[in-house]
Amino acid sequence: MKRSFPIAVVLAAAFAAIAGCTTASPTVYEGLASAGQLRPNPEDDGGRIPYAYRSNVDWRQYDKMIIDPVTLYRGPDSQFVKMEEKDKLALAAYMQSQFTETLRPRFAIVGAPGPGTLRLRLTLTGAKTTTPVLGPFSHFDVAGGVYNGVQAVRGREGSMTGSVNYAVEIYDAATSRLLNAFVAKQYPNAMNVGATFSALDASKVGIRKGADALLEALR
């Protein structure tokens with residue numbers, strides 16, 4: 001017992017110091033093609049989609065989609081938090097596969113422009129890994145459990161848990177006209193303990209949530 005006490009104290013102190021720390025909300029990334037059209041999103045009240053562009057479009061007229069390879073954002077305003085290159089590439093590949101599989105039931109995935117075809121451009125603009133040890137610990141520690149419980153009710157980010165920032169740009173493939181664009185941040189529910197054990201799991205959960213949200217918006 002005496003040997004374990006100092007470890008618990010150190011972990012608790014570290015959690016208390018950074019419990020409120022989360023990754024920054026997405027910004028209007030200067031390197032995006034749609035940067036000049038993005039505006040503050042009045043419908044966003046949680047920081048998940050702070051900037052967006054929308055045109056008056058009936059998505060039902062589109063039944064096919066080109067999904068460009070996910071771009072890894074290299075601009076100076078990127079929001080990757082101490083993330084290794086291999087992890088960035090892994091998340092970009094995961095985003096490509098998840099958005100493709102999620103949107104496939106709604107759209108025929110094609111390789112060339114044509115009538116009724118959208119072009120989807122995804123850009124991974126930032127991400128944060130889950131803090132080793134402290135991520136799962138913060139869900140079992142009493143103070144951490146209370147904090148994450150409150151965050152879960154508010155729909156906000158949990159403590160020391162990973163997240164993902166990205167941009168979505170949707171074009172009419174035949175005319176190259178921008179139809180919709182936004183920047184987004186996604187993360188697991190603050191009480192999702194299962195998303196805290198691996199460094200990239202939380203970011204991957206965020207990617208899956210983002211894909212589901214886009215599918216719902218395009219129905």
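Just so it is clear, the model here is predicted, and its values are computed rather than measured.
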- Show your reasoning for whether side-chain contact (heavy atoms from CB on, under 4.5 Å) applies to T123 and V70. CA-CA 6 Å; T123 305; V70 173; over 6 Å; no
- Message: Checking R74 against E85 for the salt bridge (charged side-chain N to carboxylate O under 4.0 Å, His left out) test, could you report, in this order, the C-alpha distance in whole Å, the side-chain angles of both residues, the deciding distance, and whether it holds?
- Response: CA-CA 11 Å; R74 303 290 187 181; E85 182 70 10; 2.6 Å; yes
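- Within the 4.5 Å cutoff, the side chain of T129 has heavy atoms near those of the L200 side chain.
- L124 has its side chain within reach of M95: a pair of non-hydrogen atoms, C-beta onward, lies under 4.5 Å apart.
- Closest approach of P113 to A173, counting heavy atoms only: CB-O, 3.5 Å.
- Put simply, OG1 on T125 and CG on N165 are 5.0 Å apart, with the number rounded to the nearest 0.5 Å.
- Rounding to the nearest 0.5 angstrom, the gap separating the CD atom in E216 from the OG1 atom in T102 is 12.5 Å.
- When hydrophobic clusters are built by joining Ile, Leu, Val, Met, Phe, Trp and Tyr residues whose side-chain heavy atoms come closer than 4.5 Å, directly or via intermediates, Y171 is grouped together with V183.
- The neighbour count for E30 CD, taken as heavy atoms of other residues, nucleotides or ligands under 6.0 Å away, does not exceed 12.
- Residues Y73 and Y29 bring their aromatic ring centres within 6.0 Å.
- Counting heavy atoms from C-beta outward, L120 and I66 have side chains that stay 4.5 Å or more apart.
- Atom OH of Y166 and atom CG of L122 lie 8.5 Å apart (nearest 0.5 Å).
- More than 12 heavy-atom neighbours from other residues, nucleotides or ligands sit within 6.0 angstrom of CG on D58.
- Grouping the Ile, Leu, Val, Met, Phe, Trp and Tyr side chains by contacts below 4.5 angstrom, directly or via other members, places F107 apart from L178.
- Proximity of M65 to L103: side-chain heavy atoms (C-beta onward) are separated by under 4.5 Å at one or more points.
- The shortest non-hydrogen separation linking D63 to R106 is CA-NH1, 4.1 Å.
- Remark: D68 pairs with R119, R121 by the salt bridge (Lys or Arg N to Asp or Glu O under 4.0 Å) rule, at least two apart or across chains.
- R54 places a side-chain heavy atom less than 4.5 Å from the side chain of N41.
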- Message: Please determine whether side-chain contact (heavy atoms from CB on, under 4.5 Å) holds for the pair I49 and E43, giving the CA-CA distance in whole Å, both sets of side-chain angles, and the decisive distance to 0.1 Å.
- Response: CA-CA 9 Å; I49 305 179; E43 298 177 10; over 6 Å; no
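- With rounding to the nearest 0.5 angstrom, the CD1 atom of I207 is 11.0 Å from the CD atom of Q96.
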- Message: If you apply the rule side-chain contact (heavy atoms from CB on, under 4.5 Å), what do you find for L72 with L89, and how did you get there?
- Response: CA-CA 8 Å; L72 192 56; L89 294 171; 3.9 Å; yes
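- Atom CG of residue L214 and atom CG of residue N180 lie 8.0 Å apart, to the nearest 0.5 angstrom.
- At least one side-chain heavy atom of R177 sits under 4.5 Å from a side-chain heavy atom of S55.
- The two atoms that bring A24 and Q79 nearest to each other are CB-NE2, 3.4 Å, heavy atoms only.
- In this structure, K204 satisfies the cation-pi test against Y94, with its NZ or CZ atom closer than 6.0 Å to the six-membered ring centre and inside 45 degrees of the ring normal.
- Closest approach of A127 to M83, counting heavy atoms only: CB-CE, 3.7 Å.
- When side chains are defined from C-beta on, T117 counts as touching V110, because their heavy atoms get closer than 4.5 Å.
- Under a cutoff of 6.0 Å and an axis angle of 45°, R104 and F99 do not form a cation-pi pair.
- Interatomic distance, T100 OG1 to I67 CD1, rounded to the nearest 0.5 Å: 3.5 Å.
- A cation-pi arrangement is found for K88 relative to F80, the charged atom lying closer than 6.0 Å to the ring centre and inside a 45° cone about the ring normal.
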- Kindly indicate, with the supporting measurements, whether the criterion side-chain contact (heavy atoms from CB on, under 4.5 Å) is fulfilled by W59 and L179. CA-CA 10 Å; W59 299 114; L179 303 176; 3.9 Å; yes
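- In the hydrophobic clustering of ILVMFWY residues, with side-chain heavy atoms under 4.5 Å counting as a link, L215 and V168 come out together.
- Of all the heavy atoms in Y51 and P26, the pair that sits closest is CE1-O, 3.8 Å.
- Taking the side chain as every heavy atom from C-beta outward, Y187 and R48 approach each other to under 4.5 Å.
- What you find for A211 and Q98 is that their closest heavy atoms are CB-O, 4.1 Å.
- V28 and L32 end up in the same hydrophobic cluster when Ile, Leu, Val, Met, Phe, Trp and Tyr side chains are linked at under 4.5 Å.
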